[in-house]
2 protein chains.
Amino acid sequence: MGLFLSTFVNRVDKKGRVSVPATFRATLSQQTFQGIIAYRSFTAACMEGCGMDFMERLSDSTQNFDAFSAEQEDLSALIFADARQLAWDPEGRIVLPEDVMAHAGITEAAAFVGKGQTFQIWEPEAYKAVEAEIRARALKLRPTLPLKKPASGDGK
Amino acid sequence: MGLFLSTFVNRVDKKGRVSVPATFRATLSQQTFQGIIAYRSFTAACMEGCGMDFMERLSDSTQNFDAFSAEQEDLSALIFADARQLAWDPEGRIVLPEDVMAHAGITEAAAFVGKGQTFQIWEPEAYKAVEAEIRARALKLRPTLPLKKPASGDGK
DNA sequence: CTCGATACCATTGACGCCCATGTTTACCCA
DNA sequence: TGGGTAAACATGGGCGTCAATGGTATCGAG
């Protein structure tokens, strides 16, 4: 399974177009929908991004009523309502809608930030500030990452 | 499963290329992604290095929401955002990005330091200093390493 | 007919691939 | 056991391809 890794800053032209990083496109290449899904973050001034399969998994999760609280169901409903399908053109660019750019404060450039299964889209300077903040806190608290054991069997 | 062992110092050419030690490549040879993943250490002036499977394990771990605190989630998110996929060329070299070399202070050479499951990339002189420090501390404290029992069954 | 959206085309600059070379290590044979 | 040979690895440079980016044309809707 492909992951969204690293951070890429790409220019936004006057038509609102921006290139989706090639590596992100590669991870999404096997999906039914040739593009990305984007919705406004609840907690930060950025967009959340993912592929269609992630949306389907979210949908599946909400089917298990007992697995999800009422709050979580509200949240996922909000996500579905706000999600936009942004197809990319033959050159791999998407067009950022007005309100998306407004929500994230994006003007001239957009930062695609890998989050593993998903990614985020930020105004580059805003992300730098947030990142520095988290990094400083991480340095102070020194949390440790509990890792699962490698998949049993072979190391393939 | 292969381990990253020993320390290798290789030259960095003017294009920023450096050979990944052959033994490290062998350790990573069975991975889906032919290259290394590198991200900036939070605590030291070096890069942390690993293979794609390590990232996937991290991703799997973050799926267990209850197992993760907010701080840990921040940290793993930071790793994903900072992780760079550095594929090697047919000769086994990777290109070190500008900011990577800046963070680690690397100019003419890079030291690949085995850490077992992972490895680190240092500016050679900087690592020598840190190593001497750790060695001196180890001599004084005489820490002991608790060993797990060997896995029953196969030793694979 | 006008405006907006999307496909098409062109440019450039970085990155990956190819070939060539030196140097060390490992191996084979005398 | 020693020398010679061959393979593998580390290193350097040149070139082609692809991704990112900016502009133009075309199609459709209002």
Side-chain angles (χ1 to χ4, degrees), chain A residues 2 4-29 33-36 38 49 84-102 106-114 119 121-124 127, chain B residues 2 4-29 31-38 47 49 52 83-102 106-114 119 121-124 127:
Chain A
F4 297 105
L5 295 180
S6 190
T7 297
F8 301 90
V9 176
N10 287 339
R11 277 191 61 81
V12 178
D13 66 19
K14 48 192 166 190
K15 293 191 211 171
R17 294 182 301 186
V18 61
S19 290
V20 177
T23 58
F24 284 24
R25 292 206 304 272
T27 52
L28 293 169
S29 61
F33 172 63
Q34 285 300 293
I36 71 170
R84 305 138 206 280
Q85 295 182 224
L86 304 179
W88 52 61
D89 64 18
E91 284 76 38
R93 290 179 289 193
I94 56 172
V95 178
L96 295 178
E98 294 280 339
D99 57 341
V100 165
M101 295 180 66
I106 293 172
T107 55
E108 292 186 343
F112 289 80
V113 181
F119 59 93
I121 307 176
W122 287 79
E123 197 287 318
Y127 176 67
Chain B
F4 299 106
L5 295 179
S6 187
T7 297
F8 302 88
V9 176
N10 287 337
R11 274 191 62 80
V12 178
D13 67 19
K14 49 190 165 191
K15 288 161 98 175
R17 293 182 302 187
V18 60
S19 290
V20 176
T23 59
F24 284 24
R25 291 206 304 271
T27 303
L28 294 169
S29 61
Q31 308 237 337
T32 51
F33 172 64
Q34 284 300 294
I36 72 169
I37 312 290
M47 301 299 297
M52 184 60 92
R84 299 140 206 284
Q85 304 183 48
L86 305 179
W88 53 60
D89 63 19
E91 286 75 39
R93 290 176 292 191
I94 57 172
V95 179
L96 296 178
E98 295 277 341
D99 55 343
V100 164
M101 295 180 66
I106 294 172
T107 54
E108 292 186 343
F112 290 79
V113 181
F119 60 93
I121 308 176
W122 287 80
E123 197 287 318
Y127 176 67

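Just so it is clear, the structure is predicted and the values come from calculations on it, not from any experiment. By convention in this document, chain letters (A, B, ...) are assigned in the order of the sequence lines, proteins followed by strands, and residues within each chain are numbered from 1.
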Dump the pairs, protein N or O against N or O of nucleotides 13-15 of chain D, anything under 3.5 Å, distances to one decimal.
| residue | atom | partner | partner atom | Å |
| --- | --- | --- | --- | --- |
| D/dG13 | OP1 | B/K14 | NZ | 3.2 |
| D/dG13 | OP2 | B/K14 | NZ | 3.2 |
| D/dG13 | N7 | B/R17 | NH2 | 2.8 |
| D/dG13 | O6 | B/R17 | NH1 | 2.9 |
| D/dG14 | O6 | B/K15 | NZ | 2.5 |

Practice problem: Enter the inter-axis angle for the ends of the helix from C/dC1-D/dG30 to C/dA30-D/dT1 (five pairs per end, rounded to 10°). | Solution: 40°

Exercise. For B/A102, enumerate each residue passing the side-chain contact (heavy atoms from CB on, under 4.5 Å) test, keeping only those at least two apart in sequence or located in another chain.
Key: none

Quiz item: Near DNA chain D, under 4.0 Å by heavy atom, which residues of residues 106-113 of chain A?
Solution: none

Can you list, pair by pair, the side-chain donor-acceptor contacts under 3.5 Å of residues 92-101 of chain B, counting residues two or more places apart and other chains?
| residue | atom | partner | partner atom | Å |
| --- | --- | --- | --- | --- |
| B/R93 | NE | B/D89 | OD2 | 3.3 |
| B/D99 | OD2 | B/R84 | NH1 | 3.2 |
| B/D99 | OD2 | B/R84 | NH2 | 3.2 |

Using a cut-off of under 3.5 Å, enumerate the N/O to N/O pairs linking the protein to nucleotides 27-30 of chain D.
none

Quiz item: Within a strict 4.5 Å, meaning less than it, do heavy atoms of the B/F33 and A/L5 side chains meet?
Solution: no

Practice problem: Heavy atoms of chain A, cut-off under 4.0 Å: which first and last nucleotide of DNA chain C, 5' to 3', fall inside that, if you could look? | Solution: C/dT6 to C/dC9

Quiz prompt | Under the ring-ring contact (aromatic ring centres under 6.0 Å, His included) test, residues paired with B/F112 that sit two or more places apart | solution = none

Practice problem: May I have all residue pairs that pass salt bridge (charged side-chain N to carboxylate O under 4.0 Å, His left out) and include part of residues 15-25 of chain A, sequence neighbours excluded? | Solution: A/D13-A/R17

Quiz item: DNA chain D: B/R11 or A/R25, which has the more 5' nearest nucleotide?
Solution: B/R11

Exercise. Look at the side chain of B/N10 and decide which nucleotide, out of D/dA10, D/dT21, D/dA19, has an atom nearest to it.
Key: D/dA10

Quiz item: With A/F24, which residues qualify under ring-ring contact (aromatic ring centres under 6.0 Å, His included), at least two apart?
Solution: A/F4, A/F8, A/F119

Self-check item: Derivation of the side-chain contact (heavy atoms from CB on, under 4.5 Å) call for A/I121 and A/I36
Solution: CA-CA 11 Å; A/I121 307 176; A/I36 71 170; 4.2 Å; yes

Quiz item: Hey, are the side chains of B/V12 and B/E108 touching, using non-hydrogen atoms and a 4.5 Å cut-off?
Solution: no

Quiz item: So what does B/V20 touch, heavy atoms closer than 4.0 Å: a base, only the sugar-phosphate, or nothing?
Solution: sugar-phosphate

